[in-house]
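Order of appearance sets the numbers: ligands from 1, and atoms from 1 within every ligand.
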Amino acid sequence: MIVTRVHVITHGCQMNEYDTHTITSELVAGGHELAPSPADANLIILNTCAVRGKPVEKVTTMLGEYRKEKLAGRDLTVGMMGCLAQLDEGQTLAKKFGVDILVGPGAITDILAAIESVETRGESFWSLDFKDDLHSYLTPAPNTLTGFLTIMRGCNHNCTYCIVPQTRGPEVSRSLESILHEARAMQASGVQEIYLLGQNVNSYGLGRPDLPSFAELLRRIAATGIPRVKFTTSHPMNFTSDVIDVLAQEPNVCKYIHLPVQSGSDRVLRRMAREYRRDRYLDIIAEIKAKIPDVVISTDMIVGFPGETEEDFEATLTLYEEVQYDTAYMFMYSARPGTPSHKHFDDMPRAVKTERLGRLIERQKHWSNVRNGRWVGRNLRVLIKEPATDSSFVVGHSDQNHTVLVPKEQVSAMGLYTVRVDTATPHTLYGTVAGQQTEAIPLMMAS
Ligand code: SAM
Ligand code: SF4
């Protein structure tokens with residue numbers, strides 16, 4: 001079969017979005033077309049997430065459907081990439097559902113060889129190697145205003161609940177030259193915001209005397225003059241004062257920090273093998289707030305980690321009150337086969353986890369409402385990117401990463417605007433355009 005029309009379905013984090021861009025760049029360079037929907041494609045690639053059980057269930061359902069369509073005679077090749085592809089769990093599913101191409105997170109540049117193998121020899125192709133060189137995604141899609149840029153791969157931490165060290169391997173930092181080269185290519189193509197990505201960006205260059213520190217790297221990216229620089233994810237263990245200083249000093253490095261805490265209880269942090277404790281985390285937050293007025297801080301939290309007592313959970317709630325996060329990504333603990341916590345600890349009843357998650361979400365909504373309310377009556381710089389789900393609005397993100405909606409008739413092009421905030425909800429700010437800063441790309445309105 002000749003594969004010409006490819007559709008990639010992306011689950012999970014921004015690293016996966018970046019990998020999707022990389023693989024689609026390779027595919028286009030190799031002469032393949034991108035199909036606008038799975039129905040138009042003869043190769044569907046699932047870019048998978050394995051961090052929690054739910055995304056795995058989703059992929060299983062989709063693979064089952066494609067298998068049925070193939071048995072019913074559809075001319076279809078199925079590929080799997082992303083974290084699940086790297087695990088025994090994913091490979092068992094791939095065998096069960098007759099996946100033709102399987103490439104792990106370190107092997108996505110094998111995609112053309114994989115297609116060739118399926119086309120010319122009719123053989124399925126699996127690659128799980130970690131190539132030494134981190135590839136570049138050098139052909140940003142047209143009309144892209146936010147460019148994701150992976151600066152490092154993998155993770156050297158071993159949080160007991162997390163599968164990522166197994167799926168993405170140990171930390172490898174990209175060279176400064178290749179990162180700057182890619183940043184300039186993005187800038188030349190009209191990108192207004194560069195989002196630096198890594199599981200733990202603060203470890204960039206650690207143990208590599210030939211590379212700058214993450215703080216220095218941030219300054220180098222800021223010096224390109226790109227209007228905005230953001231980054232994720234930071235680990236409190238490696239979050240150093242020099243990074244806070246860069247945020248405080250460089251106007252185009254956004255005053256937004258995502259600093260996952262996971263739990264407010266030292267006992268739970270120890271069982272999670274997070275290397276910091278509550279006091280250290282709060283010291284970092286105090287330094288950030290002292291040096292960066294109006295900073296926006298978000299976090300990740302896990303509730304119902306094995307053995308978490310009511311007292312431990314209350315420590316998470318009191319930490320929330322102390323930090324007063326602008327927002328939080330909150331997860332029920334999901335026992336992942338292959339992780340130390342799955343092996344050594346017993347999961348707790350789902351009802352307890354659900355009840356605790358509900359209480360945490362209630363505090364998050366309260367604080368997000370308070371924190372978002374501070375912006376009412378003030379101006380924010382917003383990168384308007386697309387029509388909102390409610391078609392009378394367009395949507396974008398502020399420098400501080402708020403989701404901001406403005407009436408669509410006030411905007412004729414995507415780009416950077418000054419927006420006066422009129423009202424705030426826990427998730428969204430609503431505003432009025434007070435000025436236009438760049439007119440990047442005509443806005444395609446949904447009819
Ligand atoms: N490297 C980042 C860090 O350490 O903060 C985050 C990477 S992880 C893909 C994103 C988030 O998923 C974590 O911060 C954690 O809150 C959550 N997570 C990871 N494993 C989980 C699990 N087994 N159950 C529930 N949540 C999990
Ligand atoms: Fe997973 Fe911990 Fe590494 Fe984050 S730091 S990717 S949570 S092991």
Side-chain angles (χ1 to χ4, degrees), residues 10-19 47-57 82-84 86-87 89 105 150-172 195-204 206 214 231-239 257-265 268-276 281 284 297-308 313 316 319-320 325 327-348 350 352-354 356-357 360-361 364:
T10 312
H11 294 152
C13 64
Q14 291 149 328
M15 308 281 280
N16 270 10
E17 282 187 43
Y18 181 88
D19 287 350
N47 190 356
T48 60
C49 170
V51 169
R52 282 170 290 276
K54 258 217 185 107
V56 177
E57 285 164 24
C83 283
L84 188 59
Q86 196 69 25
L87 299 174
E89 189 183 6
T150 292
I151 60 167
M152 59 185 300
R153 177 180 73 202
C155 180
N156 286 355
H157 294 271
N158 280 300
C159 304
T160 53
Y161 51 82
C162 186
I163 200 75
V164 169
Q166 289 174 55
T167 61
R168 300 236 169 208
E171 287 170 5
V172 184
Y195 222 123
L196 303 178
L197 299 179
Q199 290 301 340
N200 179 16
V201 287
N202 312 96
S203 306
Y204 177 80
L206 275 187
F214 178 61
F231 57 90
T232 199
T233 296
S234 298
H235 192 296
M237 173 68 185
N238 311 101
F239 200 84
I257 299 176
H258 181 62
L259 196 62
V261 67
Q262 313 300 358
S263 170
S265 154
V268 174
L269 289 173
R270 206 174 304 118
R271 282 161 68 84
M272 287 176 163
R274 298 286 289 184
E275 298 97 329
Y276 53 89
Y281 184 88
I284 300 171
I297 303 175
S298 64
T299 196
D300 289 348
M301 285 177 163
I302 296 178
V303 300
F305 185 76
E308 181 191 72
F313 175 64
T316 298
L319 181 113
Y320 210 118
Y325 290 106
T327 194
Y329 302 89
M330 298 155 289
F331 308 104
M332 268 196 278
Y333 170 73
S334 171
R336 302 296 299 124
T339 58
S341 64
H342 176 263
K343 191 165 171 201
H344 299 296
F345 303 143
D346 289 332
D347 204 355
M348 68 165 64
R350 195 179 166 83
V352 178
K353 294 197 257 187
T354 311
R356 288 183 185 165
L357 185 62
L360 186 59
I361 290 173
Q364 175 266 319

Query raised in the report: For atom 2 (Fe) of ligand 2, does an N/O/S atom of His157 lie at less than 2.8 Å?
Result: no

Query raised in the report: Do you see an N/O/S atom of Cys162, backbone or side chain, under 2.8 Å from atom 1 (Fe) of ligand 2?
Result: yes

Report task. Kindly indicate whether the side chain of Thr339, heavy atoms from C-beta on, has any atom under 4.5 Å from the side chain of Tyr161. Result -> no

Report summary line: atom 9 (C) of ligand 1 sits nearest the protein heavy atom Val51 CG2, 3.6 Å

Report summary line: For Arg336, the ligand 1 atoms with a heavy-atom partner under 4.0 Å come out as 23 (N)

Report summary line: Note: ligand 2 atoms sitting under 4.0 Å from heavy atoms of Pro165 are 8 (S)

Report task. Can you sort out which atoms of ligand 1 are near Thr233, meaning under 4.0 Å from one of its heavy atoms? Result -> 2 (C), 3 (C), 5 (O)

**Report entry** Test item: Met330 and Arg356 side chains (from C-beta on) under 4.5 Å apart, heavy atoms
**Finding:** no

Query raised in the report: Between Thr354 and Met332, is any pair of side-chain heavy atoms under 4.5 Å apart?
Result: yes

Requested in this report: If you have a sec, work out which protein heavy atom is nearest atom 4 (Fe) of ligand 2 and how many Å separate them, to one decimal?
Outcome: Arg274 NH1, 4.4 Å

Requested in this report: Show the numbers, then the answer: is there a side-chain contact (heavy atoms from CB on, under 4.5 Å) between Arg168 and Met15?
Outcome: CA-CA 10 Å; Arg168 300 236 169 208; Met15 308 281 280; 4.1 Å; yes

Query raised in the report: What protein heavy atom sits nearest atom 22 (C) of ligand 1, and how far away is it?
Result: Ser334 O, 3.6 Å

Query raised in the report: What is the nearest protein non-hydrogen atom to atom 25 (C) of ligand 1, stated with its residue, atom name and distance?
Result: Met332 O, 3.4 Å

Query raised in the report: Taking the six-membered ring of Phe345, is the NZ or CZ of Arg271 close enough (under 6.0 Å from the centre) and on axis enough (within 45°)?
Result: yes

Report summary line: Ranked by distance from atom 7 (S) of ligand 2, the top protein heavy atom is Tyr161 OH, 3.4 Å

Query raised in the report: Ring centres of Phe214 and Phe231 under 6.0 Å apart?
Result: yes

Query raised in the report: side-chain contact (heavy atoms from CB on, under 4.5 Å) between Gln262 and Tyr276: does it pass, once the steps are laid out?
Result: CA-CA 11 Å; Gln262 313 300 358; Tyr276 53 89; 4.2 Å; yes

Query raised in the report: Applying a strict 4.0 Å limit to heavy atoms, is Asn200 in contact with ligand 1?
Result: no

**Report entry** Nearest-neighbour protein heavy atom for atom 11 (C) of ligand 1, which is reported as residue plus atom name and distance
**Finding:** Asp300 OD2, 3.4 Å

Query raised in the report: What closest approach, in Å, do Ala50 and Leu87 show between heavy atoms, and which atom pair accounts for it?
Result: CB-CD1, 3.7 Å

Query raised in the report: Taking all non-hydrogen atoms of both residues, which atom of Val201 and which atom of Ile151 are closest, and how far apart?
Result: CG1-CD1, 3.9 Å

Query - Shortest reach to atom 5 (O) of ligand 1 by a heavy atom, considering only Cys159, Pro165, Pro260, Cys155 - result: Pro260

Query raised in the report: Closest non-hydrogen protein atom to atom 26 (N) of ligand 1, residue and atom name please, with distance?
Result: Arg52 NH1, 3.4 Å

Requested in this report: Would you name the heavy atoms of Ser298 and Tyr325 that are closest together and state the gap between them?
Outcome: C-CD2, 4.1 Å

Requested in this report: Could you list the atoms of ligand 2 found under 4.0 angstrom from a heavy atom of His235?
Outcome: 5 (S)

Query raised in the report: Among all protein non-hydrogen atoms, which one is nearest to atom 16 (O) of ligand 1, and what is the separation to 0.1 Å?
Result: Gln262 OE1, 2.7 Å

Report summary line: Checking heavy atoms under 4.0 Å, the part of Pro260 that sits near ligand 2 is neither

Query raised in the report: Among protein heavy atoms, which lies nearest atom 2 (Fe) of ligand 2, and at what distance?
Result: Cys159 SG, 2.3 Å

Query raised in the report: Donor-acceptor pair, Asn238 side chain versus Ser203 backbone, under 3.5 Å?
Result: no

Report task. Find all atoms of ligand 1 within a distance of less than 4.0 Å from any non-hydrogen atom belonging to Arg274, and give their numbers and elements. Result -> 4 (O)

**Report entry** Least distance between heavy atoms, Gly53 atom then Ser334 atom
**Finding:** N-OG, 2.9 Å

Requested in this report: Identify, for atom 7 (C) of ligand 1, the protein heavy atom at the shortest distance, and state residue, atom and that distance.
Outcome: Gln199 OE1, 3.3 Å

Query raised in the report: What is the closest protein heavy atom to atom 3 (Fe) of ligand 2, and at what distance does it sit?
Result: Cys155 SG, 2.3 Å

Query raised in the report: Numbering the atoms of ligand 2 from 1, which are under 4.0 Å from a heavy atom of Gln199?
Result: 6 (S)

Requested in this report: Report yes if the side chains of His235 and Arg274 come closer than 4.5 Å at any heavy-atom pair, otherwise no.
Outcome: yes

Query raised in the report: Applying the side chain to side chain donor-acceptor pair (under 3.5 Å) test to His258, which of Asp300, Thr327, Thr299 qualifies?
Result: Asp300

Query raised in the report: Does Arg168 have a non-hydrogen atom less than 4.0 Å from ligand 2?
Result: no

Query raised in the report: Has the side chain of Glu308 got a donor or acceptor atom that lies under 3.5 Å from a matching backbone atom of Gly304?
Result: yes

Query raised in the report: Where is the nearest protein heavy atom to atom 21 (C) of ligand 1: which residue, which atom, and how far?
Result: Tyr161 CD1, 3.7 Å

Requested in this report: Using a strict 4.0 Å cut-off to heavy atoms of Val164, name the atoms of ligand 2 that fall inside it.
Outcome: 6 (S)

